[in-house]
Amino acid sequence: MHKLRGVFAKVFVFGLFGLLILSFAVWGIGDVIRGGTSDPIVASVGDREISETEYRQAFNRAYSNLQQRFGGAFDGEMARSIGIPTQVLQQLVDRAVYDEKTTDLGMVVTDEQVREAIFNLPAFQNEAGRFDRLRYDQVLRNNQLSEAQFVASLRQDIAREQVQSALTSAAVAPDALAERLFLYSAERRVAEYLLISLVSLPETRAPEEEELAQFHQDYADSFRAPEYRSLTYLSLVPADFESEITVSEEELRQLYDTRLEELGEPERRELVQMLFDSQADAEAALEKLRAGQSFAAVAEEVTGSEPIELGEVTTNQLVPEVSEAAFAVAEGEVAGPVESPFGWHLINVMSIAPEYVPSFEEVRERLLDDARVDQAVENLIAIANQLDDTLAGGASLEEAADRLALEIRKVAAIDAEGNGEDGESAQGLPDQEMFLRTAFETEEGDESLLLETEEGGYFVIRVDGVTAPAVRPLDAVRDQVAELWTQQEREREAREKADGLAERLRAGETMEALADELETAALTTAPVTRTERDPQRTPSAELSAALFQAQLNDVVVSGSPLGPVVARLTEIVAPDPSSDAEALEEAREAATQALRADLGDLDVESLKAQYGVEVNEERIESIVVGY
């Protein structure tokens, strides 16, 4: 519709909207008369239904995210081939089974818990790590979510997380599993080797003309010039308007009063707990604590495991019953027993970080910066609306820029990666990924819509010209062709030499004798792991991997950045769990996390069996086929 400019366009648009309004009125009345239409169901979990709208929105978000990542080449067929429709459905079903469980448990998530979660999400924070309302609104817009939808979803997420953590937090990998993982990951291998350096080889002959021509033809894609586009664009960013803004002291004081809770830090407490099925068990454990035993010792004796770490939390990060008890005692004291939907708790307060309320003077500059940014954004939006109206009225980019005192910008030639014909990356583009995608989706001679960037700016592009991709002729890239041909020829010669040396080693010659013949030195790797990449320890990661596929005294040939490597495995260093407690603990933690993930998966499957899952495959296919 942005192309329909001028008086004719406005008449057409007003007529079209009149028809649309009339049709909505008629259909709306029809719905009332018929009692409305229902949203088809794609799946059900117990009494909870997943509607077509819910599935379509979730699939569209996943599809859009992948399109942004992979560009226009990503389509519906690719989405189906990698299983996106099934993954989206699985996520919705998994969420639904936990929603059923939290409903059965009668769990309640408070507004304060939701607010705290929103403020702590990195996606909503600015560069200084503070909550940014503009970024919050923009992220929701980009994900096609209203605030009400997001808050409702987040509330459910918090409840699910509490259920999941209650189930999995006590799971710990057994010692035997941790030790086996440690032995696998900590094993080291040593090899002696010769590096056949490419620069040490005799100079490769110059290619014949016929060889160059054939190489140019065989590797045509290596010498292909990409599609280039010449562009004209307008760009608006908040920083363009900040210098014009003044903020009074009274306005800053009002902003301080409004945001005081956000500016400060609530009291935080580091907590550990024991969890019991009955009050009697909790009371028995409390008696042992009163008798002088430590919290950790009682937990080990009564529950058979260490205390459950809750970390450093605020009052609204716990269920109300636990929060009230834990924040009512002093540091070092034990709260409880207290009952919650999860059972009976004993909570030990390990440390307390008191509430912090900053003074106006401490945050004045921060408030001033935020106020300027907020006002700049308002000014920017006003100008953006004027620009959109001006373009809709039929003005060209140049005319719109002149009327609104904006700077017109031009790009002589740019490819889809953001590089010019000289190979240099373009600088100063607004939201470069989005800008380039728009530039290469817009037809030659057309203008894009006025688009909003993730940083809160706007831009509009006109594609002035398109130069189609083409293989550069041999004469234009002769030097590059000759260089690549020579490189490949040297690599081939070096690999043949390395293979020959390897055969001689296998036949019984020594590494030292071969090194003397090559007038070089036989080298030895440091003890390397399976994935060793450090160039100070191994000539290449490829060699490290090859050594773990070999038997003691085997000879292997691998590549490296400097040339092929001929190596013999000389030592296998078996690790000792008792000598590296830290590495053993890392293996245990990795195994524990994997175990908890598996336990969570089993819980989901158990809940599915408990509540029952029904899926309408035909309805899902009808949704996906439209992409």
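- Residue Glu187 holds its CD atom at 10.5 Å from OG1 of Thr529, rounded to the nearest 0.5 Å.
- No more than 12 heavy atoms of other residues, nucleotides or ligands shown are found within 6.0 angstrom of CZ on Arg180.
- With rounding to the nearest 0.5 Å, the separation of CG in Leu367 from CZ in Arg364 is 9.0 Å.
- Looking at residues two or more places apart in sequence or on another chain, you find a side-chain contact (heavy atoms from CB on, under 4.5 Å) between Leu599 and Leu167, Thr168, Ala171.
- For Thr102 (side chain) and Tyr98 (main-chain N/O), a donor-acceptor pair under 3.5 Å exists by modelled atom type.
- Not counting sequence neighbours, the partners of Asp175 by the side-chain hydrogen bond (donor to acceptor under 3.5 Å, both in side chains) test are Arg588.
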Side-chain donor-acceptor pairs under 3.5 Å in residues 604-612, sequence neighbours left out?
unit_1 : atom_1 : unit_2 : atom_2 : d
Glu605 : OE2    : Lys608 : NZ     : 3.3
Lys608 : NZ     : Asp94  : OD1    : 3.4
Tyr611 : OH     : Asp104 : OD2    : 2.6

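- In terms of the side-chain hydrogen bond (donor to acceptor under 3.5 Å, both in side chains) criterion, residue partners of Glu267 (sequence neighbours excluded) are, by chain and number, Arg269.
- For Gln593, the side-chain contact (heavy atoms from CB on, under 4.5 Å) test picks out Glu589, Arg596, with sequence neighbours left out.
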Under 3.5 Å donor-acceptor pairs involving side-chain atoms of residues 284-291, not counting sequence neighbours:
unit_1 : atom_1 : unit_2 : atom_2 : d
Glu287 : OE2    : Arg290 : NH1    : 3.0
Lys288 : NZ     : Glu301 : OE2    : 3.1

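- Identified under the side chain to side chain donor-acceptor pair (under 3.5 Å) test for residues 319-339, with sequence neighbours left out: none.
- The pair Glu571-Arg189 fails the salt-bridge criterion, with no side-chain N (NZ, NE, NH1 or NH2) lying under 4.0 Å from an Asp/Glu carboxylate O.
- How far CG of Leu602 is from CG of Leu595: 9.5 Å, rounded to the nearest 0.5 Å.
- In this view, Arg61 satisfies the side-chain hydrogen bond (donor to acceptor under 3.5 Å, both in side chains) rule with no residue, not counting sequence neighbours.
- Contact of the Val272 side chain with the Ile308 side chain is not registered, since no non-hydrogen atoms from C-beta on lie closer than 4.5 Å.
- Contact annotation: the side chain of Val42 approaches that of Ile623 to within less than 4.5 Å [non-hydrogen atoms, C-beta and beyond].
- Partners of Ser340 under the side-chain hydrogen bond (donor to acceptor under 3.5 Å, both in side chains) rule, at least two apart in sequence or in another chain, are His345.
- A pairwise comparison of heavy atoms in Gln113 and Gln317 identifies NE2-C, 4.1 Å as the closest pair.
- For an aromatic pair to be called close, the ring centres must be under 6.0 Å apart, and Phe150 with Phe124 satisfies this.
- Under a 4.0 Å N-O distance rule, the pair Glu54/Arg56 does not qualify as a salt bridge.
- Here Tyr356 pairs with nothing under the ring pair (Phe, Tyr, Trp, His ring centres under 6.0 Å) rule; sequence neighbours left out.
- Taking Asp99 as the reference, Arg160 meet the salt bridge (charged side-chain N to carboxylate O under 4.0 Å, His left out) condition, with sequence neighbours excluded.
- Residue pairs meeting the salt bridge (charged side-chain N to carboxylate O under 4.0 Å, His left out) criterion with at least one member in residues 109-122, sequence neighbours excluded, are Asp111-Arg155, Arg115-Glu261, Glu116-Arg268.
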